Amino acid sequence: MNPRIEKLEKEIEKTTAKIEELQAKVRELEKQKTELENTDYISIARSYNLTPSQLAEFLKTRQIKPTPQKQEETHEN
């Protein structure tokens with residue numbers, strides 16, 4: 001086989017392995033971030049001395065309902 005092709009194949013394999021490694025690192029970092037965010041949310045909820053059911057009720061009452069768009073905004077003139 002052409003040595004340049006072999007060289008490119010090795011480079012592709014090396015780069016693909018690096019991409020997979022970096023993607024795994026990103027997934028781990030995202031997991032750590034989510035865990036920290038969850039800890040923050042728990043701390044905030046506890047600071048209000050809410051029971052889990054009170055917290056659930058509070059969150060239900062604070063949900064943002066989507067507002068319908070005006071027809072003028074959906075149609076271009």
Side-chain angles (χ1 to χ4, degrees):
M1 183 181 264
N2 186 331
R4 293 188 306 184
I5 293 174
E6 289 177 9
K7 183 179 177 184
L8 286 173
E9 285 179 346
K10 287 179 184 177
E11 187 66 27
I12 288 169
E13 288 174 14
K14 180 180 170 185
T15 303
T16 301
K18 185 69 174 175
I19 289 169
E20 290 171 0
E21 177 185 326
L22 291 173
Q23 287 174 332
K25 183 176 181 177
V26 167
R27 285 190 295 274
E28 179 59 30
L29 291 170
E30 288 173 341
K31 179 181 173 187
Q32 290 176 16
K33 178 184 170 214
T34 299
E35 289 173 2
L36 287 173
E37 289 172 341
N38 290 343
T39 301
D40 284 350
Y41 295 152
I42 290 169
S43 296
I44 291 168
R46 286 186 178 155
S47 73
Y48 284 97
N49 297 317
L50 298 175
T51 65
S53 60
Q54 289 172 325
L55 178 59
E57 186 60 34
F58 173 80
L59 294 172
K60 284 180 189 175
T61 62
R62 300 301 187 268
Q63 285 182 344
I64 298 174
K65 296 187 168 76
T67 56
Q69 289 184 337
K70 296 178 183 177
Q71 276 190 326
E72 297 129 18
E73 293 176 358
T74 58
H75 297 293
E76 293 183 25
N77 291 337

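Because the structure is predicted, anything quoted here is derived from the model rather than measured.
Remark: Q32 CD to E35 CD distance equals 7.0 Å, nearest 0.5 Å. Summarising the geometry, atom CG belonging to L8 is positioned 8.5 Å from atom CZ belonging to R4; distances are rounded to the nearest 0.5 Å. Distance check: L55 CG to I42 CD1 gives 10.0 Å after rounding to the nearest 0.5 Å. Here the straight-line distance linking atom NZ of K25 with atom CD of Q23 works out to 13.5 Å at 0.5 Å rounding. Rounding to the nearest 0.5 angstrom, the gap separating the CZ atom in R27 from the CD atom in E30 is 9.0 Å. Atom CD of E20 is separated from atom OG1 of T15 by 11.0 Å, given to the nearest 0.5 angstrom.
Looking at E37 and K33, a side-chain N of the basic residue comes within less than 4.0 Å of a carboxylate O on the acidic one, giving a salt bridge.
Counting all heavy atoms, side chain and backbone alike, F58 lies closest to T61 at O-OG1, 2.7 Å.
Note on L50 and Y41: separate hydrophobic clusters, where clusters join Ile, Leu, Val, Met, Phe, Trp and Tyr whose side-chain heavy atoms are under 4.5 Å apart, directly or indirectly.
Counting only heavy atoms from C-beta outward, the side chains of R62 and L59 never approach each other to under 4.5 Å.
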